[in-house]
There are 2 protein chains.
Amino acid sequence: MREDTRAKIQEVALRLFTEQGYEATSLREIAEELGVTKAALYYHFKTKDDIVASVAGDRIAEQDEMLAWLRSQPQTPETRREFLRRYADQLEHSRHQDLGRFLERNQTSLRDHPTIKAMRMRMLEVAEALSAPDDPVRVRLRRSMALFTLHTGIWLTQHYDLTDEERREIARSVALEILEGPCGD
Amino acid sequence: MREDTRAKIQEVALRLFTEQGYEATSLREIAEELGVTKAALYYHFKTKDDIVASVAGDRIAEQDEMLAWLRSQPQTPETRREFLRRYADQLEHSRHQDLGRFLERNQTSLRDHPTIKAMRMRMLEVAEALSAPDDPVRVRLRRSMALFTLHTGIWLTQHYDLTDEERREIARSVALEILEGPCGD
DNA sequence: GTCTATACAGCGATAGAC
DNA sequence: GTCTATCGCTGTATAGAC
């Protein structure tokens with residue numbers, strides 16, 4: 001019963017941070033929802049930031065895995081397409097989507113947070129790894145935007161009457177369109 | 001001398017909010033940088049949020065203007081291209097770029113702020129107005145991503161050794177590429 | 001009109017009792 | 001492992017000096 005207090009804190013905190021924002025959510029709120037006091041949270045986590053860091057760790061490992069795979073493959077259009085599909089599949093898992101939504105919505109608050117900095121750096125590395133060293137900047141930018149479409153697309157289509165699966169499918173197909181440029185690079 | 005205290009507050013506040021985040025910047029910081037007390041700020045602005053609202057007002061008017069122009073034109077590829085160019089030109093003015101960067105980085109903090117809500121709604125309306133009522137969702141999404149490229153592109157290319165003008169030119173050309181899709185819609 | 005002085009509740013964080 | 005009590009700081013508010 002007491003063993004998973006830590007996990008419950010992570011769960012409640014991530015949900016409230018995503019709904020209301022990181023800074024707008026007080027430790028008192030989190031504690032009250034769990035039926036404990038603020039100070040009890042400080043037994044499990046050193047700081048408020050620390051709650052976030054504990055959740056973000058897994059995601060970094062996955063990004064590193066994706067990056068290693070991408071770099072181990074030959075730089076071909078098919079590799080890039082396959083990477084985008086894998087990336088989209090990863091986003092489907094709701095835990096990542098929750099974490100992703102949280103990070104997207106709390107960029108400023110967490111800008112100087114080391115774990116979050118590491119995650120953003122990985123994101124840029126991934127975007128860069130989609131291009132060869134001699135590709136011009138505009139090609140790099142276009143491919144980065146393809147990656148961003150997977151993240152943004154699901155949010156941008158929220159106000160249409162679609163299922164989540166349809167949203168993902170549309171985001172995926174637009175991302176693939178953008179990836180290789182007009183009339184196939 | 002005292003007349004432009006208000007303008008100076010807006011200027012300093014917007015800069016600090018952008019650099020450090022909205023919630024992470026205290027009114028004491030802003031006041032100290034201007035050589036006044038916190039309470040002086042409350043003479044000029046009712047609340048902290050109110051400082052933001054006062055800055056965002058101008059931008060909403062401009063968005064409405066852009067929207068009115070776009071809706072008054074025939075829905076052709078050339079209209080859309082021209083709109084993207086005008087939008088990019090507007091972004092060039094540093095005041096808008098500052099405001100844009102600020103908003104981008106403080107989405108959560110300001111989510112429930114009425115003026116900011118109005119701005120985000122305009123942004124989505126603009127993205128929607130790039131498409132006809134019977135365009136499929138994937139075409140709408142692609143065109144929205146073209147618009148976003150103008151905002152994001154300048155940030156994404158920050159770590160290359162380019163002038164601001166080169167960055168804008170690249171963002172503009174990639175946005176135009178994305179706008180009309182593979183092999184020109 | 002423009003600002004200072006002062007007060008207040010709530011915040012993240014810490015110390016120490018149980 | 002959780003509590004109470006407390007710290008310095010925040011945004012907000014008002015009374016009153018000039």
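Note on naming: letters A, B, ... go to the chains in the order of the sequence lines (proteins, then strands), and numbering restarts at 1 for each one. These numbers come from the heavy atoms of this one structure, side chains and all, not from hydrogens, waters or symmetry mates.
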message = Can you work out whether B:G35 or A:T25 has the more 5'-proximal nearest nucleotide on DNA chain C?
response =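 Comparing both residues, the 5'-ward one is B:G35.
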Please answer whether the main-chain N or O of [Y] pairs with a side-chain N or O of [X] as donor and acceptor at a distance below 3.5 Å.
X      : Y      : answer
B:E166 : B:T163 : yes
B:R28  : B:K38  : no
B:S54  : B:I51  : yes
A:Y22  : A:D49  : yes

For the side chain of [X], counting heavy atoms from C-beta on, which of [options] is nearest?
X     : options                : answer
B:S26 : D:dA13, D:dG11, C:dA13 : D:dG11
A:L27 : D:dT2, D:dT12, C:dA13  : C:dA13
A:A39 : D:dT4, C:dC3, D:dA13   : D:dT4
B:K48 : C:dA13, C:dT4, D:dG11  : D:dG11
B:K38 : C:dA13, C:dA7, D:dC3   : C:dA7
A:Y43 : C:dC3, D:dG1, C:dG12   : D:dG1
A:A40 : D:dT2, D:dT4, D:dT12   : D:dT2

Nearest whole Å is fine: how far is [N] [atom2] from [X] [atom1]?
X     : N      : atom1 : atom2 : result
A:Q20 : C:dC11 : CD    : P     : 11 Å
A:D50 : C:dG12 : CG    : C1'   : 14 Å
A:I9  : D:dT2  : CD1   : C1'   : 11 Å
B:L41 : D:dG11 : CG    : P     : 10 Å
B:Y42 : C:dA5  : OH    : P     : 18 Å
A:K46 : C:dT14 : NZ    : P     : 10 Å
B:D4  : C:dC3  : CG    : P     : 10 Å
B:I51 : D:dT12 : CD1   : P     : 9 Å

Can you find a side chain N or O atom of [X] that sits less than 4.0 Å from OP1 or OP2 on [N]?
X     : N      : value
A:T37 : D:dT4  : no
A:R28 : C:dG10 : no
B:H44 : C:dG1  : no

query = Just wondering, more than 12 heavy atoms not from B:D161 lying within 6.0 Å of its CG?
reply = no
